[in-house]
> 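Dropping a structure here in structure tokens format, bear with me for questions.
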Amino acid sequence: MSPDALIDLALAQARLALAHDEVPIGAVIYHAPTDRVIAAAHNRRILDKDPTAHAEVLAIRQAAMVLGDWRLEETILAVTLEPCPMCAGAIVNARIPQLVYGCPDPKAGAVGTLFQLCSDPRLNHRVQVTDGIRAAECAALLTNFFTAKRAMGKK
């Protein structure tokens with residue numbers, strides 16, 4: 001499955017987050033041997049009252065259940081926003097070989113912007129990263145969300 005098609009699915013998940021007033025970030029995990037998406041999630045921090053309920057972490061948990069293994073080998077994780085330190089760490093720990101993401105995160109990006117956790121040679125696993133896929137569309141979704149929040153006087 002192409003990076004563009006994966007980001008398209010992740011964007012669909014991000015839009016689902018809007019219905020719950022969640023930050024619109026979506027993630028999917030594609031399993032190459034079976035040629036199918038095995039996990040799809042969006043942010044659920046408010047819904048789940050869980051600070052770790054980021055789209056990537058939720059998708060990783062789903063994929064591990066589907067595969068019956070914590071090692072998510074032969075997968076591609078696609079997410080609309082560059083992962084934060086927690087999510088980048090989870091990606092490395094899950095042994096995900098490939099990451100595709102939309103737009104960079106200048107405030108918390110841990111894949112290339114602020115930190116390089118997915119490529120740090122001191123860690124036991126490195127991730128192949130493809131960034132900037134439909135970056136403008138991914139960024140616009142987030143910008144519009146936060147613009148509307150500020151207009152309503154909410155954080």
Side-chain angles (χ1 to χ4, degrees), residues 1-32 35-67 72 75-119 127-155:
M1 188 169 254
S2 74
D4 190 69
L6 290 170
I7 289 294
D8 190 50
L9 295 172
L11 278 163
Q13 285 295 312
R15 289 183 192 100
L16 292 175
L18 292 172
H20 305 289
D21 205 29
E22 295 275 1
V23 176
I25 300 169
V28 297
I29 297 179
Y30 170 78
H31 186 239
D35 189 30
R36 65 187 177 106
V37 171
I38 58 169
H42 56 78
N43 274 12
R44 293 181 54 96
R45 293 184 307 170
I46 295 167
L47 277 172
D48 294 352
K49 298 170 184 58
D50 179 356
T52 69
H54 289 203
E56 302 96 319
V57 170
L58 297 172
I60 288 169
R61 289 175 185 160
Q62 285 177 25
M65 293 297 292
V66 168
L67 295 179
L72 301 182
T75 63
I76 301 171
L77 184 146
V79 62
T80 55
L81 179 67
E82 178 184 2
C84 71
M86 175 184 69
C87 294
I91 292 164
V92 169
N93 285 325
R95 309 296 194 271
I96 293 173
Q98 293 183 51
L99 168 67
V100 173
Y101 71 86
C103 59
D105 185 349
K107 294 186 179 185
V111 175
T113 302
L114 299 178
F115 307 103
Q116 295 78 37
L117 291 180
C118 290
S119 61
V127 181
Q128 178 185 343
V129 176
T130 304
D131 62 353
I133 306 299
R134 296 174 67 177
E137 189 176 352
C138 293
L141 198 59
L142 289 160
T143 300
N144 293 341
F145 175 79
F146 287 113
T147 298
K149 284 285 188 195
R150 282 190 290 278
M152 293 171 41
K154 294 182 179 179
K155 291 184 180 179

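Fair warning: this is a prediction, and the values are worked out from it, not measured in the lab. One is the number of the first residue; the rest follow in order along the sequence.
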> Does the side chain of Gln13 come within less than 4.5 Å of Thr80's, by heavy atoms?
no
> Which heavy atom of Leu142 sits nearest to which heavy atom of Pro24, and what is that distance?
CD2-O, 3.7 Å
> Give, for atom CD1 of Ile25 and atom NE2 of His42, the distance between the pair rounded to the nearest 0.5 Å.
12.0 Å
> Would you say Arg15 and Leu141 make side-chain contact, with heavy atoms under 4.5 Å?
yes
> Can you confirm whether Ile7 sits close enough to Glu137 that some side-chain heavy atom of one is under 4.5 Å from a side-chain heavy atom of the other?
no
> Under 4.5 Å between any side-chain heavy atoms of Ile91 and Leu117, yes or no?
no
> Taking atom CZ as the centre, does Phe145 end up with more than 12 heavy-atom neighbours from other residues, nucleotides or ligands that are less than 6.0 angstrom away?
yes
> Looking at every non-hydrogen atom in both residues, tell me the closest pair between Ala41 and Ala59 and how far apart they are.
CB-N, 3.8 Å
> So do the side chains of Ser119 and Val127 get within less than 4.5 Å of each other, counting heavy atoms only?
no
> Give, for atom CG of Leu72 and atom CD1 of Ile38, the distance between the pair rounded to the nearest 0.5 Å.
6.5 Å
> Which pair of heavy atoms, one from Leu81 and one from Pro104, lies closest together, and at what distance?
CD1-O, 3.6 Å
> Can you tell me how far CG of Asp50 sits from CG of Leu58, rounded to the nearest 0.5 angstrom?
7.5 Å
> Atom CG in Leu67, atom CD in Gln62: separation rounded to 0.5 Å?
11.5 Å
> What are the two closest heavy atoms between Ala63 and Ala39, and how far apart are they?
N-CB, 3.7 Å
> Please check this pair: side chain of Glu22 against backbone of Leu47, looking for a donor-acceptor N/O pair closer than 3.5 Å.
yes
> Which pair of non-hydrogen atoms, one from Glu82 and one from Gly112, has the smallest distance, and what is that distance?
OE2-N, 2.8 Å
> May I ask you to decide if Ala55's main-chain N or O and Asn43's side chain share a donor-acceptor pair within less than 3.5 Å?
yes
> Looking only at heavy atoms, which two atoms of Val28 and Ala10 are closest? And how far apart?
CG1-N, 4.0 Å
> Could you go through the side chain to side chain contact (heavy atoms under 4.5 Å, CB included) check for Val111 and Leu99 one step at a time?
CA-CA 9 Å; Val111 175; Leu99 168 67; 3.8 Å; yes
> Any donor-acceptor pair under 3.5 Å linking the side chain of Arg134 with the backbone of Gly132?
no
> How many angstroms lie between SG in Cys118 and CD in Gln128, if you round to the nearest 0.5 Å?
11.5 Å
> Hey, does Met1 have a side-chain heavy atom less than 4.5 Å from the side chain of Val37?
yes
> Could you tell me if the side chain of Leu77 sits less than 4.5 Å from the side chain of Tyr30, heavy atoms only?
no
> If you measure from OG1 on Thr130 to CD1 on Ile76, what distance do you get to the nearest 0.5 Å?
8.0 Å
> Are the side chains of Met86 and Thr52 in contact, using a 4.5 Å heavy-atom criterion?
yes
